[in-house]
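Structure first, commentary second.
Start at 1 and go down the list; that is how both ligands and their atoms are numbered. All values below were derived from every heavy atom in this structure, side-chain atoms included, with hydrogens, water molecules and symmetry-related copies excluded. Residue numbers start at 1 and run along the sequence shown.
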Amino acid sequence: MRDVNLQVMIDIQNLKKSFGDHVVLKDISMQVTKGSVVAMIGPSGSGKSTLLRCINLLTVPEHGSIRVGEQQFSFGAGKKGSTPLKDRELAKFRTNTGMVFQHFNLFPHMTALENVMEGMLTVLRKPKVEARAQAQALLQKVGLADRADIYPQRLSGGQKQRVAIARALAMQPGVMLFDEATSALDPELVGEVLNVIRSLAADGMTMILVTHEIAFAREVADQVVFMRDGVVVEAGPPEQVIDQPRQAATQAFLSRFNG
Ligand SMILES: Nc1ncnc2c1ncn2[C@@H]1O[C@H](COP(=O)(O)OP(=O)(O)OP(=O)(O)O)[C@@H](O)[C@H]1O
Ligand SMILES: [Mg+2]
């Protein structure tokens with residue numbers, strides 16, 4: 001695949017996904033440029049999480065194609081995805097897409113440091129000394145160098161989420177996907193997680209953020225995508241989609257945030 005434009009880091013074409021009779025994604029196409037941040041907004045049930053899960057193949061779409069970096073999968077009759085995907089292919093694809101969820105899913109019996117080391121040991125098969133040093137550096141990056149030996153139970157929600165981000169970064173992914181990473185947090189803890197996301201954006205990490213933090217989306221995103229009922233209704237820079245939405249559905253959705 002030498003001819004693909006690698007400046008486009010995530011390329012989604014004609015994605016379709018149904019659960020039973022319910023068509024949840026209806027022909028979604030979308031590109032994310034390398035080093036850019038896309039904020040995905042839209043009402044509950046519009047398909048945002050399903051789309052993110054399709055991007056790292058936690059959910060397998062029926063139709064369309066997904067490329068992340070140099071790895072591409074196509075789905076539909078006669079395509080690669082219509083035969084069961086091989087575990088090894090999937091694992092390789094997934095390590096390139098770091099995912100951070102609303103609920104942190106840390107291993108409760110491991111310290112913050114051990115949580116960050118785990119994938120480096122089991123998936124990347126790094127030597128323990130190297131994994132430990134890199135995990136320490138990542139905890140420092142998310143502002144938790146002094147919490148390395150603490151178990152999740154004794155961390156705040158914001159600290160847990162920052163450990164989860166460090167754990168995702170430990171796989172050295174080409175892109176990071178955040179699904180409402182701050183929605184489960186007390187308001188006073190949201191800022192510390194947004195600061196980490198901000199610093200990743202400044203480092204040039206390619207990211208898709210599903211978020212209800214409209215002000216943050218406006219500040220950090222290069223592109224905003226508004227979804228409703230499995231369709232991209234409107235996409236463009238925040239100054240357009242958030243400040244001057246063209247579609248009635250986008251206007252109605254945003255008016256709820258403006259009081
Ligand atoms: N595993 C599943 N089985 C059946 N239906 C599902 C499944 N996952 C999602 N859905 C349905 O797909 C639709 C889209 O769900 P999705 O979680 O993608 O929406 P969302 O935009 O992320 O919503 P929210 O803002 O509430 O998180 C919903 O109607 C949901 O009920
Ligand atoms: Mg969701």
Side-chain angles (χ1 to χ4, degrees), residues 10 12-30 32 37-66 68 73 75-76 81-82 84-85 90 93-94 97-106 157 160-161 164-165 168 175-187 189-190 193-194 197 207-218 220-221 223-236 238 241-242 245 247-258:
I10 303 175
I12 298 165
Q13 296 289 339
N14 305 111
L15 213 65
K16 292 179 190 157
K17 177 67 191 175
S18 309
F19 293 107
D21 295 342
H22 184 186
V23 186
V24 173
L25 299 178
K26 303 170 185 164
D27 201 24
I28 302 266
S29 296
M30 174 173 158
V32 183
V37 179
V38 169
M40 210 184 289
I41 60 174
S44 183
S46 56
K48 306 178 300 292
S49 295
T50 304
L51 179 54
L52 270 201
R53 292 170 65 85
C54 283
I55 295 174
N56 82 347
L57 298 180
L58 281 172
T59 295
V60 178
E62 286 108 47
H63 185 273
S65 70
I66 300 169
V68 177
F73 287 97
F75 305 90
S82 57
L85 299 170
L90 269 181
F93 189 79
R94 288 200 187 123
T97 51
M99 186 112 171
V100 177
F101 301 93
Q102 185 174 353
H103 298 286
F104 332 108
N105 309 319
L106 296 178
K160 280 189 250 198
Q161 191 59 296
I165 294 171
V175 308
M176 287 282 284
L177 311 174
F178 292 83
D179 194 355
E180 298 193 30
T182 58
S183 297
L185 301 178
D186 292 336
L189 302 179
V190 168
V193 173
L194 296 186
I197 297 175
M207 296 191 278
I208 301 181
L209 318 170
V210 172
T211 185
H212 291 298
E213 306 281 343
I214 301 293
F216 181 66
R218 185 200 272 109
V220 81
Q223 296 283 312
V224 176
V225 172
F226 173 70
M227 276 183 75
R228 196 182 69 162
D229 294 337
V231 172
V232 173
V233 174
E234 186 162 1
V241 178
I242 294 179
Q247 301 295 326
T250 321
Q251 291 164 5
F253 176 75
L254 288 168
S255 68
R256 284 190 245 152
F257 291 88
N258 301 328

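- If you number the atoms of ligand 1 from 1 as listed, the ones under 4.0 Å from a heavy atom of Ser49 come out as 17 (O), 18 (O), 20 (P), 22 (O), 27 (O).
- Checking only distances, Thr50 does come within under 3.5 Å of ligand 1, N or O to N or O.
- Once rounded to the nearest 0.5 Å, the distance linking CD1 of Ile55 with CZ of Phe93 reads 8.5 Å.
- For atom 26 (O) of ligand 1, the closest non-hydrogen atom of the protein is Ser44 OG, 2.6 Å.
- With a 4.5 Å cut-off on side-chain heavy atoms, Arg53 and Asp179 do not count as touching.
- In this structure, atom 19 (O) of ligand 1 has protein heavy atoms in its sub-4.0 angstrom surroundings.
- With respect to atom 25 (O) of ligand 1, the closest heavy atom belonging to the protein is Lys48 NZ, 2.8 Å.
- Residue Ser49: an N/O/S atom is found under 2.8 Å from the Mg ion (ligand 2).
- Contact of the Met207 side chain with the Val220 side chain is not registered, since no non-hydrogen atoms from C-beta on lie closer than 4.5 Å.
- The shortest N or O to N or O distance between Gly45 and ligand 1 is below 3.5 Å.
- Using a 30° and 60° split on the angle between ring planes, Phe257 and His212 fall in the parallel class, below 30°.
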task: Take Phe216 and Leu209 through the test side chain to side chain contact (heavy atoms under 4.5 Å, CB included) and record every step on the way to the result.
output: CA-CA 10 Å; Phe216 181 66; Leu209 318 170; 3.9 Å; yes

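- In this structure, Ser46 has a heavy atom closer than 4.0 Å to ligand 1.
- Leu177 pairs with exactly one of Val68, Val38, Ile208 by the side-chain contact (heavy atoms from CB on, under 4.5 Å) rule, that one being Ile208.
- Here's the thing with Phe19: none of its N/O atoms is less than 3.5 angstrom from an N/O atom of ligand 1.
- The protein non-hydrogen atom at the shortest distance from atom 29 (O) of ligand 1 is His22 CE1, 3.0 Å.
- Contact annotation: Gly20 has no heavy atom less than 4.0 Å from any atom of ligand 1.
- No heavy atom of Met227 sits closer than 4.0 Å to any atom of ligand 1.
- Protein non-hydrogen atoms do reach within 4.0 Å of atom 14 (C) of ligand 1.
- Put simply, part of Glu180 is less than 4.0 Å from ligand 1, judged by heavy atoms.
- Per-residue contacts place Pro43 under 4.0 angstrom from the following atoms of ligand 1 (heavy atoms of the residue considered): 21 (O).
- Ranking the protein heavy atoms by distance from atom 12 (O) of ligand 1 puts Val24 CG2, 3.2 Å first.
- With a 4.5 Å cut-off on side-chain heavy atoms, Leu52 and Phe101 do not count as touching.
- Rounding to the nearest 0.5 angstrom, the gap separating the CZ atom in Phe226 from the NZ atom in Lys48 is 9.0 Å.
- Residues Lys17 and Val60 come closest through the heavy atom pair NZ-O, 2.9 Å.
- Distance check, rounded to the nearest 0.5 Å: CE of Met99 to CG of Leu58 gives 5.5 Å.
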